[in-house]
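Quick notes on the structure that follows.
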Amino acid sequence: MIEAFLETAAPSGANLVLVLEIAMGIGLLLGARLARKGRFRQHAWCQSIIVLLNLAVVAVMMIPSFRIHVLPRIPAKLGKAYYALATMHAALGGVTELAGLYILLSAGTNVLPQRFRITRYKAWMRTVLVLWWVVLLLGLATYARWYVPHLFRK
């Protein structure tokens with residue numbers, strides 16, 4: 001059903017990841033809205049679930065794909081959009097996921113020592129939300145470059 005909807009050359013796993021990532025991006029925006037409404041407990045649950053779900057998607061789907069299709073061709077093929085987009089998406093996505101996990105640990109647990117905890121939550125959270133959307137757009141560009149070949153015909 002997803003393949004028919006997207007009509008691309010992508011495997012079903014890539015289509016599932018695309019739909020999940022878009023849903024998570026929208027979920028993060030809804031979670032931010034919860035915070036603006038002062039519903040901080042629901043905000044924390046929403047954002048935490050999304051950060052952890054994304055970690056699972058990255059570990060199970062994205063890292064193996066990157067290791068097989070892209071990593072062996074770095075740095076020789078970085079001049080080609082196919083590899084450059086995937087590499088930028090992976091690098092910025094990794095930083096953004098780690099920042100999201102840091103916020104989760106800092107704000108939601110007592111795991112980190114006090115000196116490593118965030119004091120300016122808004123700035124961190126807003127920055128990570130913007131980065132998440134940049135990474136999502138890079139992911140969409142990567143998906144298009146990999147699986148929608150008619151967009152790039154000469």
Side-chain angles (χ1 to χ4, degrees), residues 6 8 10-11 13-36 39-148 151-152:
L6 296 172
T8 67
N15 289 334
L16 177 62
V17 167
L18 177 70
V19 171
L20 276 173
E21 290 294 338
I22 291 169
M24 285 188 275
I26 292 167
L28 288 174
L29 292 175
L30 295 173
R33 186 164 167 82
L34 288 169
R36 290 191 58 84
R39 297 170 65 186
F40 298 112
R41 184 168 295 288
Q42 292 94 339
H43 161 75
W45 274 102
C46 178
Q47 306 307 66
S48 297
I49 289 168
I50 291 170
V51 168
L52 294 173
L53 175 60
N54 188 63
L55 180 63
V57 170
V58 168
V60 171
M61 298 296 291
M62 292 185 186
I63 290 173
S65 178
F66 186 83
R67 287 181 59 194
I68 292 168
H69 299 290
V70 181
L71 195 58
R73 288 146 187 98
I74 295 175
K77 301 270 185 169
L78 276 180
K80 298 195 178 288
Y82 184 93
Y83 300 102
L85 282 169
T87 302
M88 287 188 304
H89 173 66
L92 189 56
V95 169
T96 303
E97 180 66 20
L98 289 174
L101 290 168
Y102 176 63
I103 291 169
L104 191 151
L105 289 174
S106 182
T109 71
N110 293 323
V111 172
L112 296 176
Q114 189 64 38
R115 68 178 185 258
F116 294 121
R117 291 194 191 158
I118 298 170
T119 56
R120 297 182 59 218
Y121 289 106
K122 270 189 188 180
W124 272 87
M125 290 180 184
R126 288 178 178 172
T127 300
V128 169
L129 180 60
V130 168
L131 286 173
W132 187 291
W133 273 90
V134 170
V135 171
L136 180 58
L137 293 174
L138 279 170
L140 291 171
T142 300
Y143 179 92
R145 181 62 190 95
W146 283 27
Y147 303 120
V148 190
L151 288 179
F152 300 95

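FYI, the numbering just counts along the sequence from 1.
- Taking Y121 as the reference, nothing meets the ring-ring contact (aromatic ring centres under 6.0 Å, His included) condition, with sequence neighbours excluded.
- The ring-ring contact (aromatic ring centres under 6.0 Å, His included) search around Y102 returns W124, not counting sequence neighbours.
- Within 6.0 Å of CZ on R73 lie more than 12 heavy atoms contributed by other residues, nucleotides or ligands.
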- Show your reasoning for whether side chain to side chain contact (heavy atoms under 4.5 Å, CB included) applies to V17 and L20. CA-CA 5 Å; V17 167; L20 276 173; 5.6 Å; no
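- Contacts of T109 classified as side-chain contact (heavy atoms from CB on, under 4.5 Å), with partners at least two apart in sequence or in another chain: L105, V111.
- In this structure the side chain of L101 reaches within 4.5 angstrom of the side chain of L52, judged on heavy atoms.
- Annotation: side-chain contact (heavy atoms from CB on, under 4.5 Å) contacts of R117 (sequence neighbours excluded): S106, N110, L112, Q114.
- Considering CZ of R126 and CZ of R120, their distance stands at 10.5 Å, rounded to 0.5 Å.
- For the atom pair CG of L18 and CG of L140, the computed distance is 6.0 Å after rounding to the nearest 0.5 Å.
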Distance-only donor-acceptor pairs under 3.5 Å for side chains of residues 44-51, two or more places apart:
from, atom 1, to, atom 2, distance (Å)
Q47, NE2, L28, O, 3.2
S48, OG, A44, O, 2.7

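- The minimum heavy-atom distance linking E97 with N54 is given by the pair OE1-ND2, 2.7 Å.
- Qualifying side-chain contact (heavy atoms from CB on, under 4.5 Å) partners for L92, counting only residues two or more places apart in sequence or in other chains: T96, L131, V134, V135, L138.
- Y147 is linked by a ring-ring contact (aromatic ring centres under 6.0 Å, His included) to Y143, counting only residues two or more places apart in sequence or in another chain.
- For R39, the side chain to side chain donor-acceptor pair (under 3.5 Å) criterion is met by no residue, not counting sequence neighbours.
- Sorted by first and then second residue, the ring pair (Phe, Tyr, Trp, His ring centres under 6.0 Å) pairs with a member in residues 73-98 read Y82-W146; sequence neighbours excluded.
- Closest non-hydrogen pair, A141 versus L85, comes out as O-CD1, 3.8 Å.
- Counting only heavy atoms from C-beta outward, the side chains of V130 and W133 never approach each other to under 4.5 Å.
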Please table the atom pairs, donor to acceptor, closer than 3.5 Å between any side-chain atom in residues 55-69 and protein atoms at least two apart or in another chain.
none

